[in-house]
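Some notes on the structure that comes next.
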2 protein chains.
Amino acid sequence: MNVTIKDVASLANVAPSTVSRVIADSPRISEATKQKVKQAMEQLGYHPNLNARNLASQSTQAIGLVMPSSKDVGFQNPFFPTVLQGISEGAQEKNYALHMTTGKSEEEILHAVVQMVQGKRVDGIVLLSSKVEDQVISYLIERSFPFVLIGKPYKDIEEITHVDNDNIRAMKEATAYLIGLGHKQIGFIGGSLELIVTSDRQDGYKKALAEAGIEARSEYIIHQKFLREGGQQAVRELMQLEHPPTALVVADDFMALGVLNTLDELGIRVPDDISIVGFNNVLLAEMSRPPLTSVDINIFELGYQASKNLIQMIENSNEPTKRLIISHRLVERLSCSQPSVEKSDKSND
Amino acid sequence: MNVTIKDVASLANVAPSTVSRVIADSPRISEATKQKVKQAMEQLGYHPNLNARNLASQSTQAIGLVMPSSKDVGFQNPFFPTVLQGISEGAQEKNYALHMTTGKSEEEILHAVVQMVQGKRVDGIVLLSSKVEDQVISYLIERSFPFVLIGKPYKDIEEITHVDNDNIRAMKEATAYLIGLGHKQIGFIGGSLELIVTSDRQDGYKKALAEAGIEARSEYIIHQKFLREGGQQAVRELMQLEHPPTALVVADDFMALGVLNTLDELGIRVPDDISIVGFNNVLLAEMSRPPLTSVDINIFELGYQASKNLIQMIENSNEPTKRLIISHRLVERLSCSQPSVEKSDKSND
DNA sequence: TTGTACGCGTTATCAA
DNA sequence: TTGATAACGCGTACAA
C-alpha cells in the first residue's frame, strides 16, 4: 500500500490534521513540528494523493484544454504547438496541471468537456477558437464555469473573457503596408469565413483599401478551406484574371507557403512579379523562399495570457470579464517589393 | 451543491450502491430498476465525481504525457502535433483522458512526473523520446509504473515497452535508394547524436554505404543542433569540399527544408545538382520546392500504438514487455535524380 | 436482486 | 498551537 498522511503522522507523532497543515504551510504551526513533520515526509517518501485532496477541497489544480477536432487540418498548423507551449507555461508557473481533450465530432468534444467539468477534473478551461454556434461555449456559460477563449467570441463578447489580437487592425496595417509600397491591386486569401479570425482579417483588408480610396473587388477575395488542391486552383484563377493582383495578403503563413508554391509552378516570381504578406509569423515564414514578410501575432503570448488569466478567474471568483489584446507587428522579410511597372496602373520612379 | 449519487438514489427510491451498480452496468441488476435509475440520473443531470471515483477505485482513467521541454526546438517540429494526435486517438477510443506535463529543465520534468505518478493522477505514462541518461525512465522502472516509450531506449531495451520505427533499416533503404540512382558521394545530416534516433539513422546510412562498397567519409557527416544558423554554415562547408556530395540524406524534413534553402542561396539546384532525401514525411515535405522525397515513418501510428498498448498494460498487469515496430516507406517526390555526369566518378548512360 | 456499512486519503470545523 | 471528527462522493464486501 501507499504511504499516506496517517503514516507520516504516526512517524512524526502528531495528528493527521497537523500533517495536512504542514503541507498547506499553515502559518499557525510551530517551526519545530513543521520540521519534524517535513522530515518524516521526506523519510517515507510521502506524496499527497491528489484525488483525495481534490475530493476534500472541491478543487483540482488543473485546467482543461479543448483541442481542435483531431481530423482538423488546424492540428498541422504550427500555431497549435506554439500556443500550447504558452498555455503550458502559464499553467506551470502557477503549479497547475494540464488536462487535454479532443474528439472527432462536435458531440464527442462536448461530451468530453462535460465530463471534465461535471466530473470535476478541472477548475477551468481554455478554448482554442470559437465557431459561429458553439455548444461548448453555451454550456460553459450556462454553468458559469470559468473559461477563457483564445480568439474572438462570435457573440456575448462582453461576457466572455478572451485573449485575441486586434486582427482587424493587424490586417489593415499589413494591407496598408502593401499600399504604401505602391500596390493598388491587392488580393486577399483566407480560410473559412466561419472562423471569426478570418472575417476579422478580411474586414481589416477591406478597411485599408477603403481608406486608401481603392475599390474592393470581389474577385480578388478567395477563401480556401483546404491547404492544397482547392487552394491551388483558386490561386490559378486569380492570376488568370484580366488584371491580376500585384500583391496578396494571406491570412496564414501555412497557406502562404502553398500560395508560394503554386505561384512558383506558374512561373510567377515573388516578390518581382507579385508581393506577399503572410500572417502569424511561424518559424516557417523565415524558412520559406523567399522568406516571408509576415505579421507576428505573438502566438506564445496568446496562450500564456490565456492560462494565466484563467487561473486568476479560478482563484478569484469575482475577477471581472476581460478582453486581452495581444500586440502584433509586421516583420519585413523578402517577399514584398514595389509593383513592377508593367502591371501597376501608373509607374513609380 | 452538486448532484450526487445519493440524490439519484433517493429520487429513484433505491440505495446509493444500486445506483453505483447501474453506472458500472453490473449484470446482476434488474432491467426495471436499471431504467428507473437511469431516468433519475437523466432527470437530475447527474455526472459522477471522478475524484471520488478515482479515490475509491484506486485508478484514474487517464494517461500522462511528458512533452519535450518547452524550450526545445522539437516543439516546433510538426512531428509533435501528429504524434499527439495519435496518442489522443488511442486514448479516446478506450475512454481514457490525457494529462500533460512539461518543464523547462530536467528537474522540473521529473518533478512533474513524480507528481503525476505518486499523486495518482494517471494510470500510465507515454514518453516522447529518451535520452542517454534518463531520470524519468529510471524512476518509472524503479516504481514499476506502466509506461511506454515512443522511440528506442538507450538501455534496458528488454524491459521497456516501446514503439519505434526500424530507423536503421529505414535510413539504410533511403541511402540505398540514392545509391541505386547512381550516387556514390552521399552526405548525412542529422541532429544531436545524443538522441538515439539520430545515431540509429546514422548507422543505417553507414550500413548502406558499406554494403555498396562505398567508403564512408567523416567529412560527409554533419550534426546540426539548430535548424538555422549553425546548419547553414555546415552545409556551406560541406558543399565547398573538393569533392562535394552529389546527394544528401537528411534525418528530418524540417532540417531538410533548411538545407534546401541554404542550397538555394548557394545557387545549387535540387535535384539537378544534388539529390535530397528527407525523413518523417510531414506535411511540409510535399509543400517544399521541390517536393521532398521522404521516408514516411507513420507518425500518427507511433502515437496511436503507444497509448493503445499502454492502456493494455494498465488493464492487464501481466501484459508482456513489447517492442512494436511501425512500418515505414519511401515516398518518392521530386528531390532526387541521377547524379550529373560532371560530378560523378563515372558516367551513366 | 438490493441494501448496509465501511474505506479510499484529504481537508476543514470545532474544541481543547 | 494542536487533536478529534466529520465531511467529500463513490465502490464494494457482506449481509439480507
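Since we're looking at a predicted model, the values are computed, not measured. Protein chains get the first letters and strands the later ones, always in sequence-line order, with residue 1 at the start of each.
Look at CZ on A:Arg53: it is 18 Å from C1' on D:dG9, rounded to the nearest Å. Residue A:Leu55 contributes atom CG, which lies 12 Å from atom P of C:dT10 at whole-angstrom precision. In this structure, the CG atom of A:Asn49 is 6 Å from the C1' atom of C:dG9, given to the nearest Å. To the nearest angstrom, P of C:dT11 lies 10 Å from CG of A:Asn54. With rounding to whole Å, B:Lys120 atom NZ is found 11 Å from C:dC8 atom C1'. If you measure from atom CG of A:Leu50 to atom P of C:dT10, you get 9 Å, rounded to the nearest angstrom. Protein atom CG of A:Asn2 is 9 Å distant from nucleotide atom P of C:dT10, rounded to whole Å. Remark: P of C:dT10 and NZ of A:Lys6 are 10 Å apart, rounded to the nearest angstrom.
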- Task: Given side-chain hydrogen bond (donor to acceptor under 3.5 Å, both in side chains), test A:Gln85 with A:Tyr304 step by step and report yes or no.
- Result: CA-CA 8 Å; A:Gln85 224 173 328; A:Tyr304 178 76; over 6 Å; no
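A:Asn316 and A:Gln312 share no side-chain donor-acceptor pair at under 3.5 Å. Residues A:Ser88 and B:Thr102 bring a donor and an acceptor atom of their side chains to less than 3.5 Å of each other.
The side chain of A:Gln58 places an N or O atom within less than 4.0 Å of a non-bridging phosphate oxygen (OP1 or OP2) of D:dG9.
Residue-environment remark: NZ (B:Lys322) exceeds the threshold of 12 foreign heavy atoms within 6.0 Å.
Near DNA chain C, defined here as any heavy-atom distance below 4.0 Å, the residues from residues 11-36 of chain A are A:Ser17, A:Ser20, A:Arg21, listed numerically.
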Show me the donor-acceptor pairs, under 3.5 Å and distance only, between side chains in residues 19-27 of chain B and residues at least two apart or in other chains.
residue	atom	partner	partner atom	Å
B:Asp25	OD1	B:Lys34	NZ	3.3
B:Ser26	OG	B:Arg28	N	3.4

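In terms of the side chain to side chain contact (heavy atoms under 4.5 Å, CB included) criterion, residue partners of A:Gln39 (sequence neighbours excluded) are, by chain and number, A:Gln43.
Residue contacts for B:Ile5: at a heavy-atom cut-off of 4.0 Å it reaches the sugar-phosphate backbone alone, with no base atom in range.
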